[in-house]
Protein chains: 2
Amino acid sequence: MTPQDHGPGFCCADHSGAANVTAILTEAETRARAQGARLTPVRRRTLEILLQAHGALGAYEVLEKLSTEGFGSQPPVAYRALNFLVDHGLAHRIRRLNAFTACAHPGHDHRAAFLICESCNSVTEADAGAVSAALDQAAQSAGFHLNRATIEAVGQCSACRDSAA
Amino acid sequence: MTPQDHGPGFCCADHSGAANVTAILTEAETRARAQGARLTPVRRRTLEILLQAHGALGAYEVLEKLSTEGFGSQPPVAYRALNFLVDHGLAHRIRRLNAFTACAHPGHDHRAAFLICESCNSVTEADAGAVSAALDQAAQSAGFHLNRATIEAVGQCSACRDSAA
DNA sequence: TATCTAACGTTATATCATAACAGTCAAGGC
DNA sequence: GCCTTGACTGTTATGATATAACGTTAGATA
Ligand SMILES: [Zn+2]
Ligand SMILES: [Zn+2]
Ligand SMILES: [Zn+2]
Ligand SMILES: [Zn+2]
C-alpha cells in the first residue's frame, strides 16, 4: 500500500512541481488569514509535505516526516494539522485510502471527485461539477438535504493504462 | 455515534420491514447459488442483522450480535461474512461511517449512492444512474479507466428536516 | 504588562481491520 | 463406502487508524 517509488528525475504529470508549491503555500496563507485562521509552522509544513507527495499520504506517514523535523511525534499532531487543512479547503481526505491529499485548486469553493489509480496509487482531483449536480438532483428527489459529499473513483490512470499496453 | 434509538412500534419509513427481510433473504440465497457461492448460516444471519438494522452497522456491532447467538466472537468472523456479502452484491460498505448496510436492491447490477443523515444516522441507498454517468464522463475526459466508485452524501433526511421545522 | 485563548505536545486509550494457523465439513473421485 | 480436497469457521495475535484528556506554550488583546 506504499505509493510506488519513482526514480530520481521522474515526477508524475499531474503532481505539483516545486515551483507550484510555493505559489500554493502563499495562496494558502492568504486564504487562511482571510478566514481568521493561522497557517502555523506545523500546518504549513504539513501542507507542504502533502504538496510534495506522490499520491495521498496517511496521517502516520505525515507524522513521521513531521517528527523527524522537530515537530511533535504523537498522532494528534498530524491529525490536528490535517483536519485543519481539510476544514479550510486546503486538503482533502480520501476515505478509501485512509489518507489525505493537498487540494489541487485551493481558493475555488469546489466540489471535487477523486480518481484513484490502483496501479500507481496516484490520486487525481477532478472537477465534479456535473457529478455534483446529478447528485444534488438525486438527493433532492429523495427529499434529502445535501451538505457535502464524497466521490471517489477507483480504476487505472492513463499513464498506467498506456504502460500496460 | 450509535444509531438513534427508536421506541417500540416505530420504524423508519425506508427501513425494510420484517416481511421484506424474508423475501430478500430468499432472493439472496438464489443469487448466491447462481454465483457458485454458499449463503452459510453466519453469512445469512449477518445479512439478516443488516436488514433488520436501523442505519448502517459497524463490523463490531454485527460481531456482538453474532457472538451472542453462538457464532464466533472474534473480528474475522464478522469481517469475513460482511466482505462476502459486499463481494456478492448483497451489502454495501459505507466508508464514511466505517460501517455496512444491506443492499436495498440486490439482483440489480447497480451503482448506488448513499444518503447519510447526520441527525438520525439513517442511510438510504439511492439510484446513482445519472451520477454515475456524469462520473464516467469526468473520468473519461481525464483518461481514467473507472472500475468502481464510492458516492456518499452527508446531510439531513426528509423526516429529520420535517421534525426540525 | 496582564490576561485570555488558540494551538501544541504528551500520555493513554479507543476503534477498525487483517495475518496466520488449526479444526470442521461437505462434495466429488476412486 | 472412503479418501482427498478445498471451502468455511473459529482462534490468537497483531497491525493500523483515530481520538480523549490534560498540562504547557505562545499570540493576540486590552
Ligand atoms: Zn480541492
Ligand atoms: Zn496509475
Ligand atoms: Zn445496493
Ligand atoms: Zn434523519
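Naming: A, B, ... by sequence-line order, numbering from 1 per chain. Bear in mind that the values here come from a model prediction, so they are computed numbers and not experimental data.
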Could I get a table of every N or O pair under 3.5 Å where one atom is in the protein and the other is in nucleotides 27-30 of chain D?
none

Pairwise salt bridge (Lys or Arg N to Asp or Glu O under 4.0 Å) hits with a residue in [range], at least two apart:
{"range": "residues 149-165 of chain B", "answer": "none"}
{"range": "residues 129-139 of chain A", "answer": "Arg111(A)-Asp136(A)"}
{"range": "residues 75-92 of chain A", "answer": "none"}

- Task: Would you mind reading off the distance between Asn98(B) atom CG and dA18(D) atom P, rounded to a whole angstrom?
- Result: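 Asn98(B) atom CG is separated from dA18(D) atom P by 8 Å.
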Q.
Is the shortest side-chain heavy-atom distance between Thr101(A) and Glu125(A) below 4.5 Å?
A.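 Of all side-chain heavy-atom pairs linking Glu125(A) with Thr101(A), none is under 4.5 Å.
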N or O in side chain of Thr40(B) less than 4.0 angstrom from dA7(D) OP1/OP2
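No, outside the criterion.
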| query | What are the 5'-most and 3'-most nucleotides of DNA chain C lying under 4.0 Å from any heavy atom of chain A? | reply |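 With heavy atoms of chain A under 4.0 Å away, the range is dA7(C) to dT11(C).
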Side-chain atoms of residues 68-77 of chain A: list all donor-acceptor pairs with protein atoms under 3.5 Å, sequence neighbours left out, distances to 0.1 Å.
{"from": "Thr68(A)", "atom 1": "OG1", "to": "Lys65(A)", "atom 2": "O", "distance (Å)": "2.9"}
{"from": "Glu69(A)", "atom 1": "OE1", "to": "Arg45(A)", "atom 2": "NE", "distance (Å)": "2.6"}
{"from": "Glu69(A)", "atom 1": "OE2", "to": "Arg45(A)", "atom 2": "NE", "distance (Å)": "3.3"}
{"from": "Glu69(A)", "atom 1": "OE2", "to": "Arg45(A)", "atom 2": "NH2", "distance (Å)": "2.9"}

Sequence-distant partners of [X], side-chain contact (heavy atoms from CB on, under 4.5 Å), two or more places apart:
{"X": "Glu64(A)", "answer": "none"}
{"X": "Ala59(B)", "answer": "Tyr79(B), Leu82(B), Phe100(B)"}
{"X": "Ala139(B)", "answer": "Leu115(A), Phe144(B), Leu146(B)"}

- Message: Applying side-chain hydrogen bond (donor to acceptor under 3.5 Å, both in side chains) as the test, list every pair that has at least one member in residues 32-42 of chain B; sequence neighbours left out.
- Response: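 Output for this query is empty, none listed.
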Query raised in the report: With nearest nucleotides of DNA chain D determined for Arg43(B) and Arg95(A) from heavy-atom distances, which residue corresponds to the more 5′ nucleotide?
Result: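 Looking at the nearest nucleotide for each, Arg43(B) comes out on the 5' side.
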With the threshold set at under 4.0 Å for non-hydrogen atoms, list the residues of residues 66-82 of chain B touching DNA chain D in residue-number order.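 Correct list: Phe71(B), Gly72(B), Ser73(B), Gln74(B), Pro76(B), Val77(B), Arg80(B).
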Report task. Check the side chains of Thr150(A) and Arg95(B) for a donor-acceptor pair under 3.5 angstrom, ignoring hydrogens and angles. Result ->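 Short answer, no.
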If you fit an axis to the five pairs at each end of the helix from dT1(C)-dA30(D) to dC30(C)-dG1(D), how big is the angle between those two axes, to 10 degrees?
->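 End axes: 30° apart.
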